[in-house]
Amino acid sequence: MADITVELPDGTTRTMPPGSTVADLAGAIGPRLRKDALVGAIGGHLVDLAAPLGDGDQVRIVTAASAEGREVIRHSTAHVLAQAVTRLWPGAHYAIGPAVENGFYYDFELPGGERFTDADLERIEAEMRAIMAEDQPFTRSEHSVEEGLRIFADQPFKVEIITSVSHGADDDEDLGEVEAGPTVSAYTNSPAFRDLCRGPHVPSTGRLGHFRLMRVAGAYWRGDENRPQLQRIYGTAWESAAALDAYLTQLAEAEKRDHRRLVTDLDLLSFPSELGGGLAVWHPRGAIIRKEMEDYSRARHLAGGYEFVVTPHLTNQRLYETSGHLSFYKDGMYPPMELDNGTYYMKPMNCPMHCLIYRSRARSYRELPLRLFELGTVYRYERAGTLHGLMRIRGFTQDDAHIYCREDQLQDEIASLLEFVMSVLRAFGFTEFTANLSTKDPKKYVGSDEIWEKATDALTQALEKFGLPYEIKKGDAAFYGPKIDIDVRDAIGRTWQLSTIQCDFNHPERFDLEYVGSDNARHRPIMLHRALFGSIERFFGVLLEHYAGNLPTWLSPEQVRVLSVRDDHDAYAETVAATLRDRGVRVGVDLASEPLGGRVRTAKMAKIPYVLVVGDDDVAARTVGVNARGRAAAVRGVPLDDFVADVVREIGSHGAPEDE
RNA sequence: GCCUGGGUAGCUCAGUCGGUAGAGCAGCGCAUUCGUAAUGCGCAGGUCAAGGGUUCGAAUCCCUUCCCAGGCUCCA
């Protein structure tokens with residue numbers, strides 16, 4: 001047999017003896033690579049190290065510390081999880097077990113309807129470590145469909161997968177397990193355990209080990225709430241102990257900055273159970289932050305050519321019949337109130353009401369674009385299990401605007417909108433943005449193809465203009481028009497979807513909105529929906545987590561706290577506070593009733609940007625001792641007037657003590 | 001809505017086999033007068049989420065409801 005020549009990623013070629021595998025190739029390149037190699041990629045398709053090479057193949061060796069490598073590790077760890085569970089619970093059925101972001105899961109059905117508890121995780125983890133210590137090889141085998149059905153005869157979920165794939169189903173979930181085709185593949189890592197799987201896997205279980213089982217959860221088979229609910233075990237797995245530690249540290253960090261903890265610790269707001277789930281009351285400190293956010297938003301909107309409107313929280317159902325929402329979204333609305341003059345609903349959105357304002361009189365083309373803005377509070381009956389602090393809540397306030405414009409204005413309007421959105425988000429400390437562009441679902445849409453194309457173009461060009469990285473989500477648009485969603489990246493690298501810009505060809509039609517053009521004829525305007533924060537509550541939560549509670553000075557409820565060293569400095573402390581207050585600074589005073597150290601600590605724990613300490617020297621020289629948040633040492637003897645000027649400047653520029 | 005786990009003082013949590021509830025922090029009072037992350041002592045604080053059941057006796061066992069956490073599903 002002739003030698004095999006393969007091409008490596010750098011373009012060089014290498015000739016190998018016939019029958020060589022990916023592992024042989026890695027070994028030929030270097031012993032270190034042979035050791036680090038986890039799987040290979042032939043023509044971009046991941047394969048086991050044991051896979052044979054073919055002449056002319058383009059081959060790449062994949063090591064553990066790569067996205068592909070981690071995915072393989074996670075997938076292989078999931079197999080070991082299933083193996084451990086079948087050892088501990090003989091007769092357990094295992095369903096699917098893919099790699100996911102940061103880890104993996106596996107779904108099980110235990111004999112006799114038994115459930116996992118948190119305590120079981122420890123046992124399972126120990127069993128997994130034993131399997132890894134046994135260093136079992138993962139061996140691939142291929143079978144006909146009939147054979148596959150026989151092998152997995154006692155695994156009903158596997159049988160269902162094999163059956164559906166062999167019938168040509170193209171369910172993504174199934175394809176994670178097996179590839180469509182006349183054969184199915186399986187991996188055996190001990191005589192006692194075999195799993196249906198497309199692979200590839202690490203060469204042996206000994207290559208795994210930097211993992212941790214995280215939690216038990218219920219999950220519907222096939223993600224369908226009408227089908228049985230399985231027991232899902234989630235885990236995380238990494239290529240090294242260091243990577244695992246880094247991940248666990250990041251989780252701990254995220255937990256520390258959980259907004260639900262911070263709102264309590266900082267006394268910002270609460271969710272009294274008397275109100276029912278998903279409804280918050282804002283305490284004074286939280287309300288100050290919120291007011292600052294709203295004031296800033298209003299000021300920017302005013303400057304941006306928006307007109308403010310106000311609409312009621314309650315409406316007759318006729319409105320939602322006109323808008324068409326009722327038939328679609330009734331489930332998400334609070335139930336109707338039947339009154340003698342009709343049926344009323346809490347409003348779940350502001351758009352239809354803004355349309356009524358537009359329609360309240362004849363509109364001229366000269367008025368367009370007409371930008372209506374409202375901090376509109378809406379109520380949506382989110383299902384109980386979906387509520388999550390401020391992030392998913394039942395009563396919330398949208399910074400909602402609807403822009404009515406002519407077709408020839410669409411392009412410019414969208415471009416300036418995008419700029420406006422990013423500019424406002426930057427003022428809140430976000431610097432990294434990405435976007436998603438959702439395009440037409442060909443099966444479900446209203447409006448002409450022409451207008452869809454025009455609007456999609458306008459959105460695309462705006463994204464290009466600002467160099468915003470974006471992904472196209474084909475068919476993801478609402479039926480009424482294409483949209484851009486903007487994600488921000490926070491201080492610890494998580495992304496949050498905040499803003500949205502949506503084209504709407506439906507409302508203008510349903511509300512019969514018109515304007516009189518320069519040609520004296522009636523035309524239909526285009527409507528844009530856009531929210532910048534999305535919801536104030538959610539944005540507030542995101543901000544808290546982004547800053548870990550250390551809000552920039554302009555947003556801090558208490559910007560400065562003045563502490564006197566002894567009570568004969570109390571009067572001067574009050575003078576300092578009054579001076580700051582006169583300049584619009586929010587300032588508190590903590591007089592000398594308990595030791596200074598304790599008062600400093602209290603102020604620090606409240607994350608107050610500036611703690612001022614005043615004693616003998618300061619009274620004499622009209623100075624303050626400045627202890628800035630995030631700074632190791634205090635600065636003594638700062639002239640009061642200098643401090644006032646600095647802090648006023650910082651507030652105006654949306655700065656924080658940490659910036660200096 | 002579904003699965004699992006929870007709900008004990010304002011917060012964080014302990015409470016053994018079913019025998020009427022405990023700590024730290026916070027709060028209040030008194031003392032302390034102190035130069036940068038916890039001054040001391042004392043006091044008060046509870047329908048053990050709510051309702052029902054079992055029991056001589058329930059924070060503890062059972063049922064229902066509400067709320068919370070993590071998932072699933074959903075998210076106009």
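Just so it is clear: chains get the letters A, B, ... in the order the sequence lines come, proteins before strands, and each one is counted from 1.
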Classify A:S593 by what it touches in the nucleic acid, base, sugar-phosphate, or nothing, heavy-atom distance under 4.0 Å. base
Heteroatom pairs (N/O) under 3.5 angstrom, protein to nucleotides 10-13 of chain B:
none

Qualifying residue for side chain to side chain contact (heavy atoms under 4.5 Å, CB included) with A:T377, from A:I536, A:T397, A:D400: A:T397
To the nearest angstrom, how far is A:E594 atom CD from B:C28 atom P? 10 Å
Taking the P atom in each of B:A76 and B:A38, what is the distance between them to the nearest angstrom? 49 Å
Check this for me: A:R494, atom CZ, are more than 12 non-hydrogen atoms of other residues, nucleotides or ligands nearer than 6.0 Å? yes
What I want to find out is whether A:E558 reaches A:R285 closely enough, with some N-O distance under 4.0 Å, to be called a salt bridge. yes
No-H, no-angle donor-acceptor pair, A:D618 side chain to B:G35 base, under 3.5 Å: yes
Between B:C34 and B:A50, how far apart are the C1' atoms? Round to whole Å, please. 49 Å
Once you apply a heavy-atom cut-off of 4.0 Å, does A:G598 come out as touching a base, just sugar-phosphate, or nothing? sugar-phosphate
For nucleotides B:G52 and B:C13, find the distance between their P atoms and express it as a whole number of Å. 30 Å
Can you tell me if A:E160 and A:W221 form a side-chain donor-acceptor pair at under 3.5 Å? yes
Determine whether the side chains of A:Q502 and A:H529 contain a donor N or O and an acceptor N or O closer than 3.5 Å. no
For atom CD of A:E321, decide whether the heavy atoms of other residues, nucleotides or ligands shown that lie under 6.0 angstrom number more than 12. yes
Atom CG of A:D568 and atom C1' of B:U32 are separated, to the nearest Å, by 14 Å
So how far is it from A:I484 CD1 to A:N436 CG, rounded to the nearest 0.5 Å? 10.0 Å
Once pairs are restricted to Watson-Crick or G-U wobble with both distances under 3.5 Å, how does RNA chain B read as a dot-bracket string, [ ] for crossings and | for other-strand pairs? (((((((..((((.....[..)))).(((((.......))))).....(((((..]....))))))))))))....
Aromatic rings A:F116 and A:F108: how do their planes relate, parallel, tilted or perpendicular, breaks at 30° and 60°? perpendicular
Just how far, in rounded Å, is P of B:G5 from CG of A:D120? 10 Å
Using the C1' atom on both, measure B:G29 against B:C66 and round to a whole Å. 38 Å
Using the C1' atom as the reference point in each nucleotide, state the distance between B:G10 and B:C56 in Å, no decimals. 37 Å
Please check if atom CD in A:E71 has more than 12 non-hydrogen atoms from other residues, nucleotides or ligands closer than 6.0 Å. no
Non-hydrogen side-chain atoms of A:V378 and A:F396 separated by less than 4.5 Å: yes
When rounded to whole Å, the CG to C1' distance for the pair A:L591 and B:U39 reads 17 Å
A:R601 CZ to B:G35 P, straight-line distance once rounded to whole Å: 19 Å
Spacing of the P atoms in B:U4 and B:U65 (rounded, Å): 14 Å
If we take the C1' atom in both B:G1 and B:U12, what is their distance in whole Å? 32 Å
Whether the A:N550 and A:E658 side chains hold a donor-acceptor pair (N or O, under 3.5 Å, no angle test) is what I'd like checked. no
Are A:R222 and A:Y220 linked by a side-chain donor-acceptor pair shorter than 3.5 Å? no
Spacing between A:R629 atom CZ and B:U36 atom C1', to the nearest angstrom: 17 Å
When you check the glycosidic angle of B:C30, does it come out syn, meaning within 90° of 0, or anti? anti
By nearest-heavy-atom nucleotide on RNA chain B, the more 5' of A:G637 and A:F116 is A:F116
Rounded to the Å, how far apart are A:R561 CZ and B:A37 C1'? 13 Å
What string of B, S and - do you get for nucleotides 66-76 of chain B 5' to 3' if you count protein non-hydrogen atoms under 4.0 Å? -SSSBBBBBBB
When rounded to the nearest Å, what value does the distance between P atoms of B:G6 and B:U60 take? 14 Å
Take the protein atom CG of A:D567 and the nucleotide atom P of B:U33, then report the distance between them rounded to whole Å. 9 Å
For this output row, return yes or no: ring centroids of A:H354 and A:H507 closer than 6.0 angstrom. no
